[in-house]
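Lettering follows sequence order; numbering is per chain, from 1. Hydrogens, waters and symmetry mates are skipped; everything else that's a heavy atom, side chains included, is used.
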Amino acid sequence: MRRCIRNPKNQLSSFHTLNHHHQLQGNIIHQHVTHNNTHILHNLARLYAARNQIELARHVFDQIPEPSVVLWNTMIRAYAWSGPFQEAIHLYHRMLQLGVTPSNFTFPFVLKACSALQAIQVGIQIHDHVLTLGLQADVYVSTALVDMYAKCGNLFEAQTIFDSMLHRDIVAWNAIISGFSFHVLFNQTMHLLAQMQLAGISPNSSTIVSVLPAVGQANALCRGKAIHAYSVRKIFSHDVVVATGLLDMYSKCHHLSYATKVFNTVNQKNEICWSAMIGGYVFCDSMRDALALYDDMVLMHCLSPTPVTLASILRACAKLTDLNKGKSLHCYMIKSSINLDTTVGNSLISMYAKCGVMNDAVGFLNEMITKDTVSYSAIISGFVQNGHAEKALLIFCQMQLSGIDLDSATMIGLLPACSHLAALQYGACCHGQSIVRGFTADTSICNAIIDMYAKCGKIHFSRQIFDRMHKRDIVSWNTMIISYGIHGLYIEALSLFHELRASGLKPDDVTLIAVLSACSHSGLVAEGKYWFSSMSQDLNISPRMAHYICMVDLLARAGNLDEAYSFIQRMPFQPDVCAWGALLAACKTHRNIEMGERVSKKIQLLGPESTGNFVLMSNIYSSVGRWDDAAHIRSIQRHQGYKKSPGCSWIEISGVIHGFIGGDQSHPQSASINNKLQELLVQMKNLGYQADSSLVLHDVEQEEKEQILLYHSERIAIAFGILNSSPSNPILVTKNLRICVDCHSAIKFMSLITKREITVRDASRFHHFENGICNCGDFW
DNA sequence: ATAGGGTTAG
């Protein structure tokens with residue numbers, strides 16, 4: 001050591017032998033040379049920079065009184081190469097402050113940092129500087145400018161500079177091509193690729209690698225194959241980087257067999273290549289293959305998963321709702337102290353949310369050191385997906401308090417939360433924010449807004465949004481058709497379906513569910529049967545269980561109980577509780593005890609899945625006065641441990657949502673609500689209202705029935721609404737279950753007495769009461 | 001070269 005210091009000329013060679021473990025030694029040496037000469041410091045800084053030890057390089061650099069331009073460039077390049085990019089720009093600015101004139105080598109590096117940060121304002125300043133120094137003709141500088149403008153999104157300026165270049169080498173061509181490819185302007189990218197070849201320059205592997213993502217995103221399989229063939233001819237298709245690009249392109253084109261073929265040709269597969277293949281399987285919904293390949297990578301090939309690998313594989317667990325696998329991966333990450341970056345953390349949150357364990361999702365969110373928009377959005381969507389819209393809104397408040405801004409994906413979580421809650425005022429706020437922030441250019445956002453207005457009872461607003469959209473996808477049409485359906489506007493629903501067919505867009509399986517249920521609710525048996533047979537024959541959509549259930553509903557609702565029964569038995573699927581449940585509901589409507597009993601037995605054989613069906617059967621017995629049988633069914637239900645989920649209704653008044661469960665007396669205004677209900681009951685009875693005997697458990701007095709029914713949650717919510725809103729305002733109440741027959745008839749009277757529009761959204765549709773009539777025509 | 005949160009129906 002001492003010998004080295006005494007003989008500084010030997011120092012550099014001794015540094016070459018240093019490795020990470022000897023950094024300390026290196027530091028000691030450089031402390032000793034600090035006061036010697038700047039020439040050595042220059043070399044030392046360059047050496048550290050070349051080794052990517054930026055902090056050490058910076059430490060030395062900062063001690064040099066007047067670094068040469070070359071050294072400034074070295075430092076800026078080091079930062080531009082591997083970040084932090086901001087530091088490259090910072091050094092450039094300091095260089096100018098100190099009066100050092102940048103050279104033509106400075107610009108490509110600092111511009112690269114601008115590209116990485118998408119910092120176009122700084123980029124423009126640098127461009128000005130280039131012009132004042134008269135360096136715009138330099139190939140390297142102009143290429144860097146092209147790259148910066150292209151990456152930052154100003155493709156026009158990039159193209160202008162590129163066109164003005166007298167000499168364009170392959171790097172310049174790659175810069176402009178990768179710019180267009182980066183923004184997925186597929187046609188322009190392909191055009192430039194052709195022009196490049198016309199100019200006599202053959203694309204190299206960098207060119208190929210930069211265009212492949214755009215090919216994949218554009219789903220341009222034929223182009224992709226041509227590029228693959230070109231790569232084979234030029235003998236770089238076996239290069240890991242090219243092969244990774246190729247297999248990613250193939251999987252984005254849903255061509256997994258080619259992707260795996262390319263994958264298998266690579267001899268020296270690295271983690272990126274494995275991750276790309278695993279990601280490809282996940283993209284194509286081949287979750288089992290993704291998991292198998294992951295095991296292969298980690299167990300057989302002893303490679304460590306990178307954050308990218310983990311993000312992909314966690315997504316596979318989420319899609320499979322394989323909580324065990326997801327948890328074991330989480331444990332593995334903790335045990336092997338893999339650095340949990342924010343992306344992986346967000347994948348974990350999403351996995352927990354998709355598996356329905358929101359406690360774990362929120363628990364992990366709270367542990368996260370750096371939470372971002374995605375973390376919160378995952379939680380918000382998770383709560384909505386798990387049926388806790390109100391918690392989604394609460395988390396959103398927490399997100400705002402923590403200063404993290406929302407983006408359009410957050411909004412796409414918030415809007416369905418408003419839909420579920422029928423929270424019109426929150427929903428309208430979301431709509432407003434979406435306009436202000438420019439989200440409404442996004443089709444998915446508009447779709448969510450259409451759904452929100454429809455579920456909040458404002459179907460006309462939905463249609464306005466739908467009509468004004470620039471671009472509609474199949475979800476837009478489906479949402480609008482379904483919205484008409486739940487509002488009982490079946491003519492509009494079916495006519496929109498015909499418009500969709502005329503528009504040239506292909507209906508999908510969801511469209512047909514919407515159409516079939518529209519037919520079923522409006523009693524259009526023949527039309528429903530027609531579309532059911534047509535969907536597989538003409539529209540090339542194979543019917544799923546849900547479609548069969550729609551058909552059962554269609555037949556049974558119209559009174560064709562026997563036909564529905566045999567339809568269920570002929571289904572190509574094992575009939576489930578829902579299929580039988582649809583028939584059972586119709587048995588109740590059509591008071592067919594014999595069929596009801598048969599169906600009820602089938603359901604009981606299927607096991608403990610549905611409670612509503614027990615209630616239904618019990619009600620069927622009660623409706624014909626067979627109280628003992630009704631009680632027996634209820635006792636089986638109790639005996640087997642089924643619990644009826646409580647009826648719950650809510651109403652939004654002045655932006656506050658008030659919720660009530662059946663018999664609820666806990667609201668501060670409970671006394672006046674009760675008075676209102678009693679007062680209404682008297683008036684209703686004067687007009688001929690009679691409590692429906694079939695709905696309440698057997699052998700209680702009429703008086704008592706009235707009182708039980710009086711406090712069904714929807715009635716409490718309506719009374720609350722009457723008391724707390726001006727008479728000109730319509731009332732919208734939302735209920736978690738289906739409305740009961742008695743409430744349905746009572747609300748008709750209430751609308752007549754109070755002369756108010758009352759809308760109830762129950763679990764299946766809207767009931768719009770006005771002047772004693774409901775728009776469902778008592779058929780629901 | 002690979003990666004995270006996202007709209008409709010049941």
Using a heavy-atom cut-off of under 4.0 Å over every strand shown, decide if A/Ser476 touches base, sugar-phosphate, or nothing. nothing

Regarding the side chain of A/Lys455, the nearest nucleotide among B/dG4, B/dT2, B/dT8 is B/dT8

Can you identify which nucleotide, out of B/dG4, B/dT8, B/dG6, has its nearest atom closest to the A/Ile482 side chain? B/dT8

In sequence, state the C-alpha distance, the side-chain angles, and the governing distance for A/Ile549 and A/Asp576, and then conclude on side-chain contact (heavy atoms from CB on, under 4.5 Å). CA-CA 9 Å; A/Ile549 293 173; A/Asp576 64 2; 3.9 Å; yes

Should A/Ser381 be listed as having a side-chain N or O under 4.0 Å from OP1 or OP2 of B/dG5? no

Does A/Asp442 get its side chain close enough to the base of B/dG6, under 3.5 Å, for a donor-acceptor pair? yes

Taking OP1 and OP2 of B/dG4, is either one under 4.0 Å from a side-chain nitrogen or oxygen of A/Lys354? no

Options B/dT2, B/dG10, B/dG6, nucleotide nearest the side-chain atoms of A/Val308: B/dT2

A/Ile404 and A/Tyr376: side-chain contact (heavy atoms from CB on, under 4.5 Å), yes or no, with the steps? CA-CA 9 Å; A/Ile404 290 171; A/Tyr376 279 102; 3.5 Å; yes

Answer yes if the ring centres of A/His255 and A/Tyr258 are under 6.0 angstrom apart, and no otherwise. yes

Between A/His228 and A/Tyr250, how do the two ring planes meet: parallel, tilted or perpendicular, split at 30° and 60°? perpendicular

May I have the distance from A/Asp451 (atom CG) to B/dG10 (atom P), rounded to whole angstrom? 11 Å

Please state how far atom CG in A/Asp509 lies from atom P in B/dG10, giving the value in whole angstrom units. 12 Å

Heavy atoms under 4.0 Å, any strand shown: does A/Lys252 hit a base, just sugar-phosphate, or nothing? sugar-phosphate

Distance check needed: B/dG10 P versus A/Phe532 CZ, whole Å only. 16 Å

Can you check the A/Asp407 CG to B/dT7 C1' distance for me, whole Å? 14 Å

At less than 3.5 Å, do the side-chain atoms of A/Ser377 and the base atoms of B/dG5 form a donor-acceptor pair? yes

Taking CD1 from A/Ile465 and C1' from B/dT8, how many angstroms apart are they, rounded to a whole number? 16 Å

When rounded to whole Å, the CD to P distance for the pair A/Glu271 and B/dA3 reads 16 Å

Counting only distance, no hydrogens or angles, is the base of B/dG4 paired donor-acceptor with the side chain of A/Asp341 under 3.5 Å? no

For B/dG6, does OP1 or OP2 lie under 4.0 Å from any side-chain N or O of A/Gln385? yes

Classify A/Val209 by what it touches in the nucleic acid, base, sugar-phosphate, or nothing, heavy-atom distance under 4.0 Å. sugar-phosphate

Under 4.0 Å between any heavy atoms, over every strand shown, what does A/Thr479 touch: base, sugar-phosphate, or nothing? Just pick one. sugar-phosphate

Check whether any side-chain N or O of A/Lys269 sits under 4.0 Å from OP1 or OP2 of B/dA1, and answer yes or no. no

Testing A/Asp405, A/Asp442, A/Asp407 one by one against A/Arg437 for a salt bridge (charged side-chain N to carboxylate O under 4.0 Å, His left out), which residue passes? A/Asp405

What nucleotide among B/dT7, B/dG10, B/dA1 has an atom nearest to a side-chain atom of A/Arg544? B/dG10

Name the closest nucleotide to the A/Val510 side chain, picking from B/dA3, B/dG5, B/dT8. B/dT8

Could you check whether A/Ser476 and A/Thr479, counting side-chain N and O atoms only, form a donor-acceptor pair closer than 3.5 Å? no

Closest approach to the side chain of A/Asp372, judged atom by atom: which nucleotide of B/dG4, B/dT7, B/dA9 is it? B/dG4

Are A/Phe461 and A/His431 near enough that their ring centres are under 6.0 Å apart? no

Using the side-chain heavy atoms of A/Pro213, tell me which of these nucleotides is nearest: B/dT2, B/dA3, B/dG10. B/dT2

Which nucleotide in the set B/dG4, B/dA1, B/dG6 lies at the smallest distance from any side-chain heavy atom of A/Asn270? B/dA1

Would you mind reading off the distance between A/Gln217 atom CD and B/dA3 atom C1', rounded to a whole angstrom? 14 Å

Give one of base, sugar-phosphate or nothing for A/Thr309, where a contact means two heavy atoms less than 4.0 Å apart. nothing

Please pick, from B/dA3, B/dT8, B/dG5, the nucleotide with the shortest atom-to-atom distance to any side-chain atom of A/Thr373. B/dG5

Output the single nucleotide from B/dG10, B/dG4, B/dT2 whose closest atom is nearest the side chain of A/Ala546. B/dG10

OP1 or OP2 of B/dA3 sitting under 4.0 Å from any side-chain N/O of A/Arg315? no

Atom pair distance, as rounded to whole Å: CG in A/Asn386 and P in B/dG6: 11 Å

